[in-house]
Protein chains: 2
Amino acid sequence: MADVAARVGVSKMTVSRALNRSVESERVTSEALRQRILQACEDMGYVIDQTARTFSSKRSGFVAALLPSLNNSNFSETTQGLTEVVEARGLQLLLGYTDYRVETEERLIRAMLTRRPEGVILTGGSHTTAARSMLRAAGIPVVETWDLPAKPIEHVVGFSNAEAAAVMVRHLHAKGYRRIAFIGGTSNRDTRGADRRRGYAQAIRELGLPDGRVISFGQPPISMAQGGEAVVQLIRQWPDVDAVVCVSDLSAFGALMECQRRGWDVPGRIAIAGFGDFEVARAAHPRITTVAVNCTGIGRAAGELLLSAIDGLRDGHRPPAETVLIPFHIEQRESS
Amino acid sequence: MADVAARVGVSKMTVSRALNRSVESERVTSEALRQRILQACEDMGYVIDQTARTFSSKRSGFVAALLPSLNNSNFSETTQGLTEVVEARGLQLLLGYTDYRVETEERLIRAMLTRRPEGVILTGGSHTTAARSMLRAAGIPVVETWDLPAKPIEHVVGFSNAEAAAVMVRHLHAKGYRRIAFIGGTSNRDTRGADRRRGYAQAIRELGLPDGRVISFGQPPISMAQGGEAVVQLIRQWPDVDAVVCVSDLSAFGALMECQRRGWDVPGRIAIAGFGDFEVARAAHPRITTVAVNCTGIGRAAGELLLSAIDGLRDGHRPPAETVLIPFHIEQRESS
DNA sequence: CTGTTAGCGCTTTCAT
DNA sequence: ATGAAAGCGCTAACAG
């Protein structure tokens, strides 16, 4: 930077300001001078050292987003929306994936925080105590997504997974189904999955339908193959079942394919519903009834919430914690 | 750090060394003292400032990996393998996604480089000139994966996509199919897809089969829905076709479902083959014949190559560029 | 094995 | 609008 300054005939400070003009909107250098400086940087192949900048200014220029999985069209779309919003503001998005494990999430949060992100986006509302306190201590804005945690860390953009599953049960009930089962994972590692099961169970009770028809199969997130195995077990255990709500479209799809393999008509023998409106649910034959969420919208809203919180913090105040509800709806398709 | 040092009654430097003992394997402080220091850090709630550490030491402690998509089980598995290897060495993996666009990749590389990663993992062998020169200038190890670029940047872990597609064509030919088509995207944005098409075309020529039966449909990576539309167009255009190789399992699956919707028997009316051995190919009914690659193996090999290059660089020498070939094989299933 | 000294490249702060 | 000086928190290098 000193070399560039020398070449243009100004001080390091002026170069620094010219380079940061784009980030801050304050006008500092004359546009002509600024262009000369930028040109000189280009000519000399100079790029600012972000590590020194971060170190000195306490602003890292990045935001961390933690995803449970890198193989999920829902989270992928959310990330897309997040990227749009955050990069438009000149912040970089750095991703990590937790593999649906809170311990991994904790490790990642710790690692990310040492790099001083300006904000953190989490997926879900379930975190270790250590993770919570680290985030609190860091004093940076946090947004939890895809969930409606009972005790949010700060901001939230999501919906009630329990309510969504309940709505699906009521929908199937309205279509005339009466012996409605649920397929999900064995543990509560995927807390959104556990919430959906809870919502299912409650709706069943409220409607006075025969309950307890729950197949738990495999470590979440359960796979297509596990969905297939689960539906076989389901029909063996409760032969009278006429519909099944699956914890996700992936297991729903696995169940659907297994039914076809065994010659069980869907929805004639059994109706199948999924969750998430994954691509596979739209493409399958028959197309799978599912709960559709505006995934990109979650990302955008989370990004905007985070940005305004970051802005607030820079201006010295902390905006109050906000919760943005994202609507969902049932996509009624051929599988029910 | 000074406070911790004061409390333990040593110098800052000793604290620094104790904290870095875990990373470097050199033994510096006595274990007892080290434990006391670590305890003091814990008690005082002190965590090292990674940004200062990075700034001072020129070691960021992270490796950047760029993925084309966050919704692809192949890349997800590769990342899993990469994570294992890289984190075992105390390096953090920071992810970015390019959306299959070289311009986005270039922007990401620029942004990552300002944070001084110790190495970079790229997907594919196609990059902008600017990206290549930035990476070269950065002087850090680079590994390209999932491809066999003609002019690699440095290290490579991959296989020939063209050859893999050719092997699939020969496999179908051996099974008796003669009028074999190809479904892929319209542009060369997905270069691995373009390579596969090239391999297909060459194998067709070498076998003396009727050629030109290529449907290009939509911007890559082409979706399930587009695979479905493409197969309809294919059968309309060349009604004599008896098999189709799809650029990926996703489009193969879309084609398969569309055939079922229209009552075209698979593989009776038309055989369908995919690429990648995605979960959906194993779960579909009928199961989809595909090219299976050891995805996790690619990630592990890439990570190991990168680590040894980083080690070499720390010891002051640059290990010669290496290319690791990853084997692939045909999974013959029910769709052909 | 431990301490001392001197920065790393930038921005903050305070002048002008 | 621009410049000069003073660090940010840590580690490299060297000395003991």
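The figures that follow rest on heavy atoms only: side chains count, while hydrogens, waters and symmetry mates do not.
Between the C1' atom of D/dA1 and the CD1 atom of A/Ile37 lies a distance of 11 Å, rounded to the nearest Å. Between the CE atom of A/Met13 and the P atom of C/dC14 there is a distance of 14 Å, given to the nearest Å. In this structure, the CD atom of A/Gln50 is 16 Å from the C1' atom of C/dC8, given to the nearest Å. Taking atom CG on B/Leu19 and atom C1' on D/dT11, their separation rounds to 12 Å, with Å as the unit. Whole-Å rounding puts the A/Asp3 CG to C/dC8 P distance at 12 Å.
The salt bridge (charged side-chain N to carboxylate O under 4.0 Å, His left out) search around B/Arg318 returns B/Glu154, not counting sequence neighbours. Checked against salt bridge (charged side-chain N to carboxylate O under 4.0 Å, His left out), A/Glu87 has the following partners two or more places apart in sequence or in another chain: B/Arg107. In terms of the salt bridge (charged side-chain N to carboxylate O under 4.0 Å, His left out) criterion, B/Asp147 has no residue partners (sequence neighbours excluded). In this view, B/Phe75 and B/Trp146 satisfy the ring-ring contact (aromatic ring centres under 6.0 Å, His included) rule, not counting sequence neighbours.
In terms of heavy atoms, B/His127 sits closest to B/Val102 at CA-CG1, 4.1 Å.
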Using a cutoff of under 3.5 Å, can you pull out all pairs of nitrogen or oxygen atoms linking the protein to nucleotides 6-9 of chain D, with atom names and distances?
unit_1: D/dG7; atom_1: N2; unit_2: A/Ser56; atom_2: OG; d: 3.4
unit_1: D/dC8; atom_1: O3'; unit_2: A/Lys58; atom_2: NZ; d: 3.4

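A side-chain hydrogen bond (donor to acceptor under 3.5 Å, both in side chains) check over residues 295-308 of chain B, counting only residues at least two apart or in different chains, returns the pairs B/Glu84-B/Arg300.
At the phosphate of C/dC1, neither OP1 nor OP2 sits under 4.0 Å from any side-chain N or O atom of B/Thr14.
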